[in-house]
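First the structure, in the form of structure tokens, and then the observations on it.
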Amino acid sequence: MTYHEAALLAEELGVPVEELDRAEFRPRYNIAPTDPHYIVRIRDEGRELVAARWGLVNSWAKDASMAARQINARAETLAARPAFREAYQKRRCVVPADGFYEWTGPKSDRQPFWFHRPDGRLLLMAGLYESWQPKPGEWQRTFTIVTTTANELMAPFHDRMPVVLDEEQASRWMFKTTPPETLHRLMEPPPARALIATAVSKRVNSVANDDPSVMTPDPVAPRLL
DNA sequence: CCAGACGTTGTT
DNA sequence: GTCTGG
DNA sequence: CCAGACGTTGTT
DNA sequence: GTCTGG
């Protein structure tokens, strides 16, 4: 996942930056599973942007070992899965990012692509969140990203993709009272026009590279599109 | 009853 | 091959 | 997701 | 916490 402009996130969502820890609120180019990020949730009458780590750790977990295994939740099964059911009912959120990466090609030579909105605006993905207690008195919020069947654009790369929502859909996803039928509709694959793919530097393949260089368009890979 | 899991993606 | 760390 | 490790003893 | 497997 990427998140380029600090101001963009808060401004597009209409949330004051002051609510966040400025030291942590910086551009990101290579957000990996278990990394700190941000989620949007419904709070009283409005939206709220809060910190959360990628990889859902349930409230009953004794350690963070589940985080890496729960970075995604399948739309088809999350309502029934013990690990996601409650969060699905009570803690649906939106994960903002200006894009996400998918890889293709042989395992020995993985080629990354950056998926983002054609208009360059913020991508809103369906998520679930939950908090757990790493130590007595200390709470940590975590989230997972809901995946669905790949659409026409994604199919050449993968058979799954994140649930991508527009503004209207994002609101409905977060509302506590949205009925199950509506939630199911929201989890359908987004239209192909919702995203475009750009081949980027293989530098992104190492999470240690979290700087603008990972976004450099790859001069060879575009023909793979 | 107790113990142990609780999840998804990937693809040669 | 499979697990862990990021 | 990809990259990189994959281990124990000893003890400063 | 709650479900599944034994």
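Proteins get letters first, then strands, A, B, ... in listed order; numbering begins at 1 in each. Everything quoted here is computed from the prediction, not taken from an experiment. The analysis underlying the following values was restricted to heavy atoms, covering all of them including side chains, and did not include hydrogens, waters or symmetry mates.
- With hydrogens and angles disregarded, a donor-acceptor distance shorter than 3.5 Å links the side chain of A/N205 to the backbone of A/R110.
- For the OP1/OP2 pair of C/dT4 and a distance below 4.0 Å, the side-chain nitrogens and oxygens of A/T34 include no atom meeting the criterion.
- For the pair A/R53/A/T142, a side-chain contact is recorded, criterion being any heavy-atom separation below 4.5 Å from C-beta on.
- OP1 or OP2 of B/dT8 sits under 4.0 Å from a side-chain N or O of A/R81.
- Taking the C1' atoms as reference points, C/dC3 lies 26 Å from D/dG10, given to the whole Å.
- Rounding to whole angstrom units, CE of residue A/M161 and P of B/dG10 are separated by 12 Å.
- Counting non-hydrogen atoms of other residues, nucleotides and ligands closer than 6.0 Å to CD of A/E152 gives a total of 12 or fewer.
- Atom CZ in A/R203 sits roughly 18 Å away from atom P in D/dC2 (whole-Å rounding).
- Proximity of A/R160 to the phosphate of B/dT9: a side-chain N or O atom is located under 4.0 Å from OP1 or OP2.
- In this entry the distance linking CG of A/N209 with C1' of D/dC2 reads 12 Å, nearest Å.
- Between A/F84 atom CZ and B/dA5 atom P the separation is 17 Å, expressed in whole Å.
- Straight-line distance from the CZ atom of A/R74 to the P atom of D/dC1: 12 Å, rounded to whole Å.
- The distance from atom CE of A/M66 to atom C1' of E/dT2 is 12 Å, rounded to the nearest whole Å.
- At a threshold of 4.0 angstrom between heavy atoms, the contacts of A/T77 are confined to the sugar-phosphate backbone, with no base atom among them.
- Salt bridge annotation for A/D210-A/R28: present, with a cationic side-chain nitrogen under 4.0 angstrom from a carboxylate oxygen.
- Between the NZ atom of A/K202 and the C1' atom of D/dC1 there is a distance of 16 Å, given to the nearest Å.
- The shortest distance between the side-chain N/O atoms of A/H158 and the OP1/OP2 oxygens of B/dG10 is below 4.0 Å.
- Between D/dC1 and B/dT11, the distance separating the two P atoms is 7 Å to the nearest Å.
- With respect to the salt-bridge test (charged N to carboxylate O, under 4.0 angstrom), the residues A/E181 and A/R185 do not qualify.
- When each of B/dT9, C/dG6, B/dG7 is scored by its nearest atom to the side-chain atoms of A/V207, the top-ranked nucleotide is C/dG6.
- One finds no salt bridge joining A/E167 and A/R117 here, because no Lys/Arg side-chain nitrogen approaches an Asp/Glu carboxylate oxygen to under 4.0 Å.
- Comparing B/dT12 with D/dC2, their P atoms sit 12 Å apart, to the nearest whole Å.
- Within 4.0 Å (heavy atoms only), A/I71 reaches at least one base atom of the nucleic acid.
- Residue contacts for A/S59: at a heavy-atom cut-off of 4.0 Å it reaches no nucleic acid atom on any strand shown.
- When the nearest nucleotides of DNA chain C are assigned to A/A208 and A/K107 by heavy-atom distance, the more 5′-ward of the two goes with A/K107.
- Surrounding NZ of A/K62 are at most 12 heavy atoms belonging to other residues, nucleotides or ligands under 6.0 Å away.
- OP1 or OP2 of E/dC3 lies within a sub-4.0 Å distance of a side-chain N or O belonging to A/R85.
- Counting non-hydrogen atoms of neighbouring residues, nucleotides and ligands closer than 6.0 angstrom, the CZ atom of A/R41 exceeds 12 such neighbours.
- Aromatic stacking is not marked for A/Y101 over D/dC2, as the cut-offs of 5.5 Å for the centres and 30° for the planes do not both hold.
- With the 3.5 Å cutoff on both pairing distances, Watson-Crick and G-U pairs in DNA chain D assemble into runs of at least 3 at C:1-6 with D:1-6.
- Regarding contacts with the backbone of D/dA3, a side-chain N or O of A/N205 is found under 4.0 angstrom from either OP1 or OP2.
- The side chain of A/T147 contributes an N or O atom lying less than 4.0 Å from OP1 or OP2 of B/dT9.
- One C1' atom belongs to C/dG1, the other to D/dT9, and the distance between them is 27 Å to the nearest Å.
- Backbone-only engagement by A/A83 is indicated by non-hydrogen atom pairs under 4.0 Å involving sugar-phosphate atoms exclusively.
- A/D159 comes within contact range of the sugar-phosphate backbone alone, with a heavy-atom separation under 4.0 Å but no base atom that close.
- Rounded to whole Å, the distance from CD on A/E102 to C1' on B/dT9 is 10 Å.
- Residue-level contact check: A/F100 touches neither bases nor backbone, having no heavy atom under 4.0 Å from any strand.
- When the nucleotides C/dG6, E/dG1, B/dT8 are ranked by their closest atom to the side chain of A/A68, C/dG6 comes out on top.
- Here the closest heavy-atom approach between residue A/Y29 and residue A/V204 is recorded as O-CG2, 4.3 Å.
- Residue A/A32 has its side chain nearest to C/dG6 when only D/dC1, C/dG6, B/dC6 are considered.
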